[in-house]
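Notes follow the structure.
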Amino acid sequence: MGTISRALFLESRIGELVELPRCGTALELPWVYDGVAEDICAMAKSGKVEVIERQVQQVQGEPLITRLAFRRLM
């Protein structure tokens, strides 16, 4: 788990809907956003979070996650 995704997870409250921020953060870069979103999706596979919304778009020919919202479960 990366530093940014871990911080977002730990700062969120259980049951709270969290949308990954974009503007004014390191997540403005599409590849950084995608990497953090992938970390959150991995947490969903382990039952720590529930992914509520996930959008993927082509960015310079690559499919990247461009929007992600999740809810912390534990």
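The first residue in the sequence is number 1, and the count goes up from there.
- Atom CD of Glu53 has more than 12 heavy atoms from other residues, nucleotides or ligands within 6.0 Å.
- Clustering of Ile, Leu, Val, Met, Phe, Trp and Tyr side chains at separations under 4.5 Å leaves Met74 isolated, with no partner residue.
- Here the closest non-hydrogen pair linking Leu27 and Ile4 is CD2-CG2, 4.2 Å.
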Validation: residues 39-52 side-chain donor-acceptor distances under 3.5 Å, sequence neighbours left out:
residue	atom	partner	partner atom	Å
Asp39	OD2	Gly2	N	2.9
Asp39	OD2	Ser5	OG	3.0
Ser46	OG	Met43	O	2.9

- [ ] Take Leu20 and Val36 through the test side chain to side chain contact (heavy atoms under 4.5 Å, CB included) and record every step on the way to the result.
- [x] CA-CA 9 Å; Leu20 289 184; Val36 171; 4.2 Å; yes
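- Summarising the geometry, atom CG belonging to Leu8 is positioned 5.5 Å from atom CZ belonging to Phe70; distances are rounded to the nearest 0.5 Å.
- Grouping Ile, Leu, Val, Met, Phe, Trp and Tyr by side-chain contacts under 4.5 Å, direct or through others, puts Trp31 with Val59, Leu64.
- In this view, Glu38 and Asp34, Arg54, Ile65 satisfy the side chain to side chain contact (heavy atoms under 4.5 Å, CB included) rule, not counting sequence neighbours.
- Inspection of the Gln57 and Gln55 side chains reveals no N or O donor paired with an N or O acceptor under 3.5 Å.
- Contacts classified as side-chain hydrogen bond (donor to acceptor under 3.5 Å, both in side chains) and involving residues 10-24 (residues at least two apart or in different chains) are given here: Glu19-Arg67.
- Linking ILVMFWY residues whenever their side-chain heavy atoms come closer than 4.5 Å, directly or via other members, places Val32 and Phe9 in the same cluster.
- Remark: the backbone N or O of Ala26 is not paired with any side-chain donor or acceptor of Tyr33 at under 3.5 angstrom.
- Under the side-chain hydrogen bond (donor to acceptor under 3.5 Å, both in side chains) criterion, Glu28 pairs with no residue at all, not counting sequence neighbours.
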